[in-house]
S.K.: 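Let me give you the structure first, and then I'll get to my questions.
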Amino acid sequence: MNLSEKLEELSLNSNNNSQSKREDYIEWKEYFMAMAFLAAKRSKDPSFQVGACIVNEENRIVGVGYNGMPTGCSDDEFPWGKNTPSPLDSKYLYVCHAEMNAIINSNSTDVKNCTIYVTLFPCNECAKLIIQSGIKEVVYLSDRHAHKDIYIASRRMLDAVGIQYWQYVPKRDKIEINFREISSENNSPSK
């Protein structure tokens, strides 16, 4: 059965006779923050799983990233610890932050005038990358480390160059992805 035949069959067999759009869809900002959260699920960091999603002015995702080891550096061989006797045994000297990875992973030539959605407010190093890349806005969910110097410095730099930043407050507690729901619809005899 080709695509047009499937679409025709769907419309004939549809139990939904409504002529209005679905009202429970997620909004753009919610979608992009959810994408950042989904990216964070890839992180192997036992302490903080951080994700980032970069979006252009047309609401198109141009880059996604999460915190992890640099490409080629085995996350089984490099350390994940935080409070270690030697800095060389700590993750801090090795892990690439989500913002860095999202910028580097961008699928367009640049991210100028884009918005970055992050699950955790950017540190000073990520703020530098955000500034240098031309990103114009930072939307973050958590700011639990606002009192630390690296985050205070981040705010100073973002303020100095006029990059807007604001905390996203979700309208719902969760967005559920149920792979079986769509899978069972696709295998339904009515399709």
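Side chains included, hydrogens not; waters and symmetry mates left out as well; all remaining heavy atoms used.
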S.K.: Is atom CD of Gln167 surrounded by more than 12 heavy atoms (other residues, nucleotides or ligands) closer than 6.0 Å?
M.R.: yes
S.K.: For the atom pair SG (Cys53) and OH (Tyr117), what is the distance rounded to the nearest 0.5 Å?
M.R.: 8.0 Å
S.K.: Give the intermediate values and the outcome of side chain to side chain contact (heavy atoms under 4.5 Å, CB included) for residues Met157 and Arg155.
M.R.: CA-CA 5 Å; Met157 288 185 283; Arg155 278 189 163 70; over 6 Å; no
S.K.: Determine yes or no for a side-chain-to-main-chain donor-acceptor pair under 3.5 angstrom, with Thr119 supplying the side chain and Gly51 the backbone.
M.R.: yes
S.K.: What's the separation between atom CG in Asp149 and atom OG in Ser154, rounded to the nearest 0.5 Å?
M.R.: 12.0 Å
S.K.: Counting heavy atoms not belonging to Tyr31, are there more than 12 under 6.0 Å from its OH?
M.R.: no
S.K.: Could you see if Val161 belongs to whatever hydrophobic cluster contains Val138? Use Ile, Leu, Val, Met, Phe, Trp, Tyr and a side-chain cutoff under 4.5 Å.
M.R.: yes
S.K.: Can you confirm whether Pro170 sits close enough to Arg172 that some side-chain heavy atom of one is under 4.5 Å from a side-chain heavy atom of the other?
M.R.: no
S.K.: Does the side chain of Ile130 come within less than 4.5 Å of Ile163's, by heavy atoms?
M.R.: yes
S.K.: Side-chain contact test, heavy atoms from C-beta onward, threshold under 4.5 Å: evaluate it for Lys112 versus Glu57 and give yes or no.
M.R.: no
S.K.: Counting distance only, does the side-chain N/O of Ser133 pair as donor-acceptor with the main-chain N or O of Leu129 below 3.5 Å?
M.R.: yes
S.K.: Is Trp166 reachable from Met33 through a run of hydrophobic residues whose side-chain heavy atoms are each under 4.5 Å from the next?
M.R.: yes
S.K.: Answer whether the closest heavy-atom distance between the side chains of Glu137 and Ile116 falls below 4.5 Å.
M.R.: no
S.K.: To check you understand the geometry: which heavy-atom pair defines the closest contact between Ala52 and Ala102, and what is its length?
M.R.: CB-CB, 3.9 Å
S.K.: Would Leu158 and Ile131 count as a side chain to side chain contact (heavy atoms under 4.5 Å, CB included) if you check the C-alpha gap in whole Å, the side-chain angles of each, and the deciding distance to 0.1 Å?
M.R.: CA-CA 7 Å; Leu158 295 174; Ile131 292 165; 4.1 Å; yes
S.K.: Stepwise, does the side chain to side chain contact (heavy atoms under 4.5 Å, CB included) test hold for Tyr151 with Arg144?
M.R.: CA-CA 10 Å; Tyr151 298 96; Arg144 63 181 169 193; over 6 Å; no
S.K.: Can you name the nearest heavy-atom pair linking Pro122 to Ala127, along with the distance?
M.R.: CB-N, 4.4 Å
S.K.: Can you list every pair that meets side chain to side chain donor-acceptor pair (under 3.5 Å) and has a residue in residues 79-102, with sequence neighbours left out?
M.R.: Asp45-Lys91
S.K.: Can you find a heavy atom in the side chain of Thr115 that is under 4.5 Å from one in the side chain of Ile135?
M.R.: no
S.K.: Applying side-chain hydrogen bond (donor to acceptor under 3.5 Å, both in side chains), name anything that partners Lys29, two or more places apart in sequence or on another chain.
M.R.: none
S.K.: Under 4.5 Å between side-chain heavy atoms, hopping through other hydrophobics if needed: is there a path connecting Trp28 to Val64?
M.R.: yes
S.K.: Using the salt bridge (charged side-chain N to carboxylate O under 4.0 Å, His left out) rule, take Asp76 and Lys44 through it: C-alpha gap first, then chi angles, then the decisive distance, then the call.
M.R.: CA-CA 10 Å; Asp76 290 323; Lys44 295 175 185 163; over 6 Å; no
S.K.: Are Phe32 and Ile61 close enough that some pair of their side-chain heavy atoms sits under 4.5 Å apart?
M.R.: yes
S.K.: I would like to know whether His145 and Leu120 meet side chain to side chain contact (heavy atoms under 4.5 Å, CB included); could you show each step before the answer?
M.R.: CA-CA 9 Å; His145 301 298; Leu120 185 64; 4.1 Å; yes
S.K.: Can you name the residues that form a ring pair (Phe, Tyr, Trp, His ring centres under 6.0 Å) with Tyr165, not counting sequence neighbours?
M.R.: Phe121
S.K.: Counting distance only, does the side-chain N/O of Ser43 pair as donor-acceptor with the main-chain N or O of Asn67 below 3.5 Å?
M.R.: yes
S.K.: I'd like to check Arg60 versus Val55 (side-chain heavy atoms, cut-off strictly below 4.5 Å). Are they in contact?
M.R.: no
S.K.: Any side-chain heavy atom of Val62 sitting closer than 4.5 Å to one from Cys114?
M.R.: yes
S.K.: Hydrophobic cluster membership, with links at side-chain heavy-atom distances under 4.5 Å among I/L/V/M/F/W/Y: are Tyr66 and Ile104 in one?
M.R.: no
S.K.: What are the two closest heavy atoms between Glu30 and Ile175, and how far apart are they?
M.R.: CG-CD1, 3.8 Å
S.K.: Cluster question for you: counting only ILVMFWY and a side-chain heavy-atom cut-off of under 4.5 Å, with indirect links fine, are Met100 and Ile150 together?
M.R.: yes
S.K.: Could you grab the distance from atom CZ of Phe37 to atom NZ of Lys41, nearest 0.5 Å is fine?
M.R.: 8.5 Å
